[in-house]
Q: 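First the structure, which I've put down as structure tokens, then a few questions once you've had a look.
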Amino acid sequence: MEVRVRFAPSPTGQIHIGNIRTAIFNWLYARHHNGTFLVRVEDTDRERSTQEAIDILFAELKWLDIDYDENLLYQSEQIKRHLTHAETMLANNHAYRHAKGEGGEAVLFSIPWDDAGFNTIRNCGQTELPIHTEEPVKISKHGVKFALISRKGKPVPTEVCLAGFKNLKIYDANNQCLFDIKDAIESILDKSKACEIQNGQRLSFTRREVYFKDLIKGELSKPLDSMKDFVIVRGDGSPVFHLANVSDDIEQNITHIIRGDDHIENTYRHTLLFQAINSNIPNFAHIPMIINQQGKPYSKRDGDAFLSELRDAGYLPEAVFNYLTLLGWSPGDDSEKMGRDELVSRFNFERVQRSAAQMDLKKLANLNGQYMAEIPQEVFLQQANEIISSLPWGKNIDSSYLSEVAVLMQSRTKTFNQIEDWAYFFTENLTFDESMVEKQLRKPGIKKAFVDLHEQLLTLEFDLVKIESCILFITESNGIKVGKLNLPLRIALTGSKIGAGIFEIIFVLGKDTVIKRLNYAIDNLV
RNA sequence: GACCCCAUCGUCUAGUCAGGCCUAGGACACUGGGUUUUCAUCCCAGCAACACGGGUUCGAAUCCCGUUGGGGUCACCA
């Protein structure tokens, strides 16, 4: 069977990482099966959908190199067909018009009383439900209203669909049958007659449930007596998500619906909709959510929840793509760093996790570092150049000097935004960590060593080997243990305790700069 | 509240469907050591988990029941 999947985001702002992972899983599945990956823009929420958001969406897809097939489908242009499908259901008696609350007469989908034509509904036995005696039971084609009993014995008003109560009988406290639906069903259904029964104490009915087999979670089911008929066309004549979504999936011949597991409840309803429109039901795969550091769903305050933030933080698209596939999926062995082709060939639903996953930025950074290390030198240089020229200290930089710095720093750069930390190569505006200065510079012997070094450097021929032996000489002649002058020197010259090798740094900075900074340190720091 | 779903190191996960190969493996992070006379890298070692309680079984992370915890959904939003 040909595989046809779709990514169907609502363009209402930034792209969330959970969202883009859904796109990735869809894309991977399609490519794995040589199938078709479609993008559908679900822009029916005219209030919140914006062109800007649509532009962001495609920019992000492009950044991650996720290509799509065939033409885009804009949901807002499909309204006519959506409404035709609503008409079909109205004609089949699978939907009815009803003024439910304000907003005029809407079209509601009727959870089917009659299973004919519905393969995803099954009986699951006789059930009893205790109800609050003081509240009447109201039965109409629009649903059944009654009151459950809270733990404290209070009535809890409930309204669910009629279809949940096949073979309903209502008994009072004396076990007397007050109502049998088989006597009333015809007039309820055909003449829209409503019944009201007082003093009921329990409901007795055949429970039915809607079920489907999820490719990730296995068989999922939900009793009809916990569902309600739902609006598919608003009072103003516009289609609701459920209708539009299903109608478009039919139109696009979608074979596998891969979406977040927050849609599971919708899927119970959607399977019914597919059948009411006389269409085949696609396969479903519900992937788990991504949650924040606190283990909660991401909210606006969390940060790093948008793909753009990851990009702005300097992560590579390859690394982000790779990392996101590993959130909620694993290849089954210990492979982690995997390229596109390998991911495409290994991806499957069997190995998708059933529970939510947390982002671990440190792991992403580590993976990103592995990708960074593989970037060819000239590509790295070009990227670095772009980033540096956008930084405040990055104007008018000598390109051969930049090249020297970049070569030196590539192996210790895990994300491109760390290039900001290269400032000490380009500006005399160093920032010193006071506690590091105190700890490393203001200790006995350092000042004298610096002064000696300063004097030596003035006349030193400036190459790597000579710099190294000069520093070694100063270290030893000052009675400092080998290597122990390096960190103080690093702090004095760069302000930082980490970075490239100190001898290389000194060489790249050049004699004038080093002497200038050493002077400053001798006068102000040590 | 009702319904649905989920549950292995701090985190991502392997092992669960087909019970024994699990003294529960890997990765990130963390800690210690080594290499680099410095930083990063790299190498080695360590720390660290089957949510809890019952059952079935010769044997349970794995199967069953219950409990707890977490999440989702209950809109004329998508």
Side-chain angles (χ1 to χ4, degrees), chain A residues 8-10 12 42-45 47-49 75 98-108 148 150-151 154 156 158-160 209 214 217-218 220-223 225-228 230-242 244-245 260-269 286 288-289 291 293 295-297 323 326-337 350-351 353-367 369 373 409-414 468 471-472 475-476 481-490 494 496-505:
Chain A
S10 303
T12 56
E42 299 210 333
D43 56 348
T44 45
D45 185 347
E47 303 278 299
R48 296 193 299 148
S49 298
Q75 190 160 67
H98 182 49
K100 183 190 174 222
E102 70 273 24
E105 198 173 56
V107 178
L108 280 87
L148 292 169
S150 76
R151 235 177 262 167
K154 297 261 168 59
V156 182
T158 306
E159 181 180 3
V160 281
E209 62 185 13
D214 188 88
K217 306 213 177 213
L220 264 20
S221 63
K222 186 182 177 71
D225 55 291
S226 65
M227 297 175 74
K228 278 187 209 173
F230 53 93
V231 174
I232 54 176
V233 180
R234 299 187 187 90
D236 66 5
S238 62
V240 170
F241 163 73
H242 304 294
N245 190 262
D261 66 10
D262 52 336
H263 277 290
I264 287 178
E265 301 288 327
N266 289 332
T267 299
Y268 294 118
R269 303 197 268 238
H286 289 95
M289 305 277 89
I291 52 184
Q293 306 304 309
K296 301 284 179 193
Y323 179 73
L326 258 21
L327 270 191
W329 174 80
S330 76
D333 59 19
D334 296 332
S335 310
E336 291 195 332
K337 182 168 177 293
E350 285 75 52
R351 309 205 62 85
Q353 206 72 10
R354 270 177 285 266
S355 52
Q358 266 183 34
M359 278 283 280
D360 180 359
L361 258 7
K362 290 202 170 144
K363 183 143 183 163
L364 206 210
N366 179 280
L367 193 58
M409 296 304 287
Q410 177 168 4
S411 70
R412 26 220 127 197
T413 305
K414 280 199 172 159
E468 187 171 339
I471 289 171
L472 185 60
T475 304
E476 287 179 333
K481 274 174 79 179
V482 172
K484 293 295 179 194
L485 188 59
N486 293 338
L487 186 56
L489 202 48
R490 176 188 293 280
T494 70
S496 170
K497 61 176 175 173
I498 55 166
I502 188 63
F503 312 128
E504 283 101 330
I505 290 176

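Throughout, protein chains are lettered first and strands after them, A, B, ... in sequence-line order, and every chain is numbered starting at 1.
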Q: Does A:Ile502 reach a base, just sugar-phosphate, or nothing at all? Heavy atoms under 4.0 Å.
A: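 It contacts base atoms.
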
Q: Would you mind classifying the nucleic acid contact of A:Ser10 as base, sugar-phosphate or nothing, using non-hydrogen atoms under 4.0 angstrom?
A: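 The answer is sugar-phosphate, as A:Ser10 gets under 4.0 Å only of primed atoms, P, OP1 or OP2.
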
Q: Which pair of heavy atoms, one from A:Asp236 and one from A:Ser238, lies closest together, and at what distance?
A: OD1-OG, 2.7 Å

Q: Could you check how far CG of A:Leu489 sits from P of B:U37, rounded to whole Å?
A: 16 Å

Q: Within the 4.0 Å heavy-atom criterion, would you say A:Pro223 contacts the bases, only the backbone, or no part of the nucleic acid?
A: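 Here A:Pro223 touches the backbone only, sparing every base.
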
Q: Going through the distances and angles, do A:Met359 and A:Tyr323 end up as a side chain to side chain contact (heavy atoms under 4.5 Å, CB included)?
A: CA-CA 9 Å; A:Met359 278 283 280; A:Tyr323 179 73; 3.6 Å; yes

Q: Applying a 4.0 Å non-hydrogen cut-off, can you work out what A:Tyr323 is touching in the nucleic acid: base, sugar-phosphate, or nothing?
A: nothing

Q: Check this for me: does the side-chain of A:Arg412 come within 3.5 Å of the base of B:U41 through a donor and an acceptor?
A: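 For A:Arg412, whose side chain was compared with the base of B:U41, there is no donor-acceptor pair (under 3.5 Å).
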
Q: For the side chain of A:Arg490 and the backbone of A:Gly501, is there at least one donor-acceptor N/O pair under 3.5 Å apart?
A: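 Side chain of A:Arg490 to backbone of A:Gly501: no pair is present.
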
Q: Going from CG on A:Leu367 to CG on A:Asp360, what distance comes out if it is rounded to the nearest 0.5 angstrom?
A: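 Reported to 0.5 Å precision, the distance equals 11.0 Å.
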
Q: Using the C1' atom in both, what is the distance from B:C64 to B:U23, to the nearest Å?
A: 27 Å

Q: Under 6.0 Å from the NZ atom of A:Lys484, do we count more than 12 heavy atoms belonging to anything else shown?
A: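 Counting neighbours around NZ of A:Lys484, 12 or fewer heavy atoms of other residues, nucleotides or ligands fall under 6.0 Å, so no.
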
Q: Donor-acceptor check, side chain of A:Asp43 to backbone of A:Ser49, threshold 3.5 angstrom: yes or no?
A: no

Q: For the side chain of A:Arg351, starting at C-beta, report the closest nucleotide among B:U13, B:G15, B:C39.
A: B:G15

Q: Checking all strands, does A:Ala357 fall into the base, sugar-phosphate, or nothing category for heavy-atom contacts under 4.0 angstrom?
A: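 If one applies the 4.0 Å heavy-atom cut-off, A:Ala357 turns out to touch the sugar-phosphate alone, with no base involved.
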
Q: If you measure from the C1' atom in B:C28 to the same atom in B:G66, how many Å do you get, rounded?
A: 36 Å

Q: Reckon A:His286 touches a base, only the sugar-phosphate, or nothing at all at heavy-atom distances under 4.0 Å?
A: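 Contact class for A:His286: none.
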
Q: Between B:U38 atom P and A:Lys481 atom NZ, what is the distance in whole Å?
A: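 After rounding, the reported distance stands at 12 Å.
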
Q: Below the 4.0 Å mark, does B:G1 have OP1 or OP2 next to a side-chain nitrogen or oxygen of A:Ser150?
A: no

Q: Select base, sugar-phosphate, or nothing to describe what A:Lys217 touches, counting heavy atoms under 4.0 Å on all strands.
A: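 Sugar-phosphate only.
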
Q: Which whole-number value in Å describes the distance from A:Ile505 CD1 to B:A40 P?
A: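 After rounding, the reported distance stands at 12 Å.
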
Q: Work out how far the P atom of B:G46 is from that of B:A2, and round it to whole angstrom.
A: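 Result for the P pair: 49 Å, nearest Å.
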
Q: Who does B:A40 pair with, Watson-Crick or G-U, both distances under 3.5 Å?
A: none

Q: Looking at the side chain of A:Arg354, which of B:A7, B:C4, B:U37 is the nearest nucleotide?
A: B:A7

Q: Apply the side chain to side chain donor-acceptor pair (under 3.5 Å) test between A:His263 and each candidate in A:Asp261, A:Asn266, A:Thr267; give the one that qualifies.
A: A:Asn266

Q: Between B:U11 and B:A75, how many Å separate the two C1' atoms, rounded to a whole number?
A: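 That atom pair is separated by 36 Å.
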
Q: How about A:Arg412: does its CZ atom have over 12 heavy atoms from other parts shown lying under 6.0 Å from it?
A: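 Result for CZ/A:Arg412: enclosed.
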
Q: Please encode protein proximity along nucleotides 23-29 of chain B as a string of B, S and -, counting only heavy-atom distances under 4.0 Å.
A: --BBBBS

Q: Expressed as a whole number of angstroms, how long is the span from A:Gln353:CD to B:C12:C1'?
A: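 These atoms are roughly 9 Å apart.
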
Q: Taking the P atom in each of B:A61 and B:A51, what is the distance between them to the nearest angstrom?
A: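 Between the two P atoms, the distance is 10 Å.
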
Q: For A:Phe241 and A:Thr413, find the nucleotide of RNA chain B closest to each by heavy atoms; which residue's nucleotide sits nearer the 5' end?
A: A:Thr413

Q: Please classify the nucleic acid contact of A:Thr12 as base, sugar-phosphate, or nothing, using heavy-atom distances under 4.0 Å.
A: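 Nothing, no heavy atom under 4.0 Å.
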
Q: Are the side chain of A:Arg354 and the backbone of A:Lys217 linked by a donor-acceptor contact shorter than 3.5 Å?
A: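 Absent.
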
Q: For A:Leu472, report the nucleic acid contact type (base, sugar-phosphate, nothing); a contact means any heavy atom under 4.0 Å.
A: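 Base contact.
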
Q: Does B:A51 have a Watson-Crick or wobble mate here (both distances under 3.5 Å), and if so which one?
A: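 Paired with B:A51, as far as the under-3.5 Å criterion goes, is B:U67.
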
Q: When the P atoms of B:U68 and B:G53 are compared, how many Å lie between them, rounded to an integer?
A: 15 Å

Q: Counting Watson-Crick and G-U wobble pairs only, both distances under 3.5 Å, name the nucleotide matched with B:A2, or none.
A: B:U73

Q: In B/S/- notation, 5' to 3', how is nucleotides 61-76 of chain B contacted by protein heavy atoms closer than 4.0 Å?
A: ---------SSBS-SB

Q: Measuring from atom CE of A:Met289 to atom CG of A:Asp262, what distance do you get when rounded to the nearest 0.5 angstrom?
A: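 Reported to 0.5 Å precision, the distance equals 4.0 Å.
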
Q: Return the value, rounded to whole Å, for the distance between atom CD of A:Gln358 and atom P of B:A7.
A: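 So the CD-P distance, A:Gln358 to B:A7, works out to 16 Å.
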
Q: Mind calculating the distance between CG (A:Leu148) and P (B:G1) to the nearest angstrom?
A: 13 Å

Q: When the P atoms of B:G15 and B:C22 are considered, how many whole Å apart are they?
A: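 Rounded to whole Å, the distance is 14 Å.
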
Q: Within the pair A:Gln410 and B:U41, is there a side-chain N or O less than 4.0 Å away from OP1 or OP2?
A: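 Answer is no, no contact under 4.0 Å.
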
Q: With sugar-phosphate meaning primed atoms plus P, OP1 and OP2, does A:Glu468 contact a base, only sugar-phosphate, or nothing at under 4.0 Å between heavy atoms?
A: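 Since a base atom lies under 4.0 Å of A:Glu468, the category is base.
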
Q: Can you measure from CD1 (A:Ile232) to CG (A:Asn245) and round to the nearest 0.5 angstrom?
A: 13.0 Å

Q: How long is the span from the CD1 atom in A:Ile502 to the CG atom in A:Asn486, to the nearest 0.5 Å?
A: 7.0 Å

Q: How do A:Ala8 and A:Leu487 order along RNA chain B: which one's closest nucleotide is nearer the 5' end?
A: A:Leu487

Q: Taking the P atom of each, how far is B:G71 from B:A27, in whole Å?
A: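 Between the two P atoms, the distance is 31 Å.
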
